[in-house]
Amino acid sequence: MNKIAVVLALTLASLVTVSAQCPRIINRAGWGARAANSAVLPNRPAPWVVIHHTAGAHCTTDAACAQQMRNMQNLHMNTNGWSDIGYNWCIGENGAAYEGRGWGRQGAHAPGYNDRSVGMCVIGTYTNGIPNAAARNAAQSLISCGVSLGHISNSYWLIGHRQASATACPGNAFFNEIRSWPRFNPNV
Ligand SMILES: [Zn+2]
């Protein structure tokens, strides 16, 4: 590449990085995921984002969050009999976003919404307290990232899992928190 091409490439790369607003992402290989048994293509860009908690232990280190991801995948595949971990993405209180089924494969997290949503969990139990700032920021930037990359509709609606199914998920405290997030839809 000549000098102008290099400058142009660097400029474009920085524009892409800025516009995508993505959090630190740990892909499947990064957390030691098993291969999925099958995959279904969902409707994209997704018109819905569904927020969950895992109702389990919190994690604040990369090692602990990766372990939680592997535990969840084993539970979802071995006990629930699903083809893979149920969520599209999970967020840790270490501030990282973990690729579950990812953007391009249909999740198993909220019946009625799975084919048209991105299901995002925050690892932990948020009945009485909300996720820490690192996790809240990562969750919101993952949504912005998904919109920028065209996986989530720019006119998406955000809901908590309890609006789709009879469940306490994502916990009372966290549900109250997401009511103030952009694009929250109270009419579901
Ligand atoms: Zn849920």
Side-chain angles (χ1 to χ4, degrees), residues 23 26 28 31 33 36 39-40 42-44 46-59 64-132 134-143 146 151-152 156-188:
I26 311 290
R28 292 173 67 90
W31 56 268
V40 174
N43 295 303
R44 291 292 184 260
W48 297 93
V49 173
V50 182
I51 300 291
H52 302 263
H53 69 165
T54 59
H58 295 228
C59 64
C65 292
Q67 183 67 56
Q68 287 280 354
M69 291 296 290
R70 293 192 296 273
N71 292 350
M72 261 193 291
Q73 188 186 31
N74 286 335
L75 178 76
H76 290 176
M77 293 177 76
N78 300 353
T79 304
N80 298 7
W82 298 348
S83 62
D84 195 0
I85 189 169
Y87 306 109
N88 295 98
W89 292 92
C90 289
I91 308 291
E93 287 190 311
N94 61 344
Y98 289 82
E99 182 187 27
R101 299 198 187 189
W103 298 122
R105 292 186 294 131
Q106 180 173 313
H109 58 93
Y113 288 83
N114 287 329
D115 64 346
R116 66 203 65 197
S117 70
V118 170
M120 193 180 296
C121 80
V122 179
I123 300 171
T125 302
Y126 301 104
T127 308
N128 297 315
I130 63 174
N132 68 11
R136 299 198 308 274
N137 291 338
Q140 295 210 30
S141 56
L142 186 65
I143 296 170
H151 303 301
I152 298 174
Y156 76 92
W157 291 114
L158 180 85
I159 59 171
H161 184 191
R162 62 174 60 184
Q163 294 173 273
S165 313
T167 171
C169 181
N172 286 342
F174 192 21
F175 182 65
N176 285 335
E177 161 69 19
I178 66 169
R179 294 169 79 93
S180 67
W181 286 15
R183 309 292 307 164
F184 177 79
N185 189 332
N187 304 312
V188 173

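Indexing begins at 1, ligand by ligand and atom by atom, following the structure's order. Remember, predicted model here, so these are calculated numbers, not experimental data.
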Problem set entry | Qualifying residues under side chain to side chain donor-acceptor pair (under 3.5 Å), relative to His53, sequence neighbours excluded | none
Problem set entry | Spacing of Cys59 atom SG and Met69 atom CE [to the nearest 0.5 Å] | 9.0 Å
Exercise. When you check the space around the Zn ion (ligand 1), which protein N, O or S atoms turn up under 2.8 Å?
Worked result: His52 ND1, His161 ND1, Cys169 SG
Problem set entry | Aromatic ring pairing Trp103/Trp89, orientation class (parallel under 30°, perpendicular over 60°, tilted between) | tilted
For this session: With sequence neighbours excluded, tell me which residues meet side chain to side chain donor-acceptor pair (under 3.5 Å) with Asn132.
Result: none
Seminar exercise, completed: Applying side chain to side chain donor-acceptor pair (under 3.5 Å) to Arg105 and not counting sequence neighbours gives Asp84
Exercise. Is the closest side-chain donor-acceptor distance between Gln67 and Arg70 under 3.5 Å?
Worked result: yes
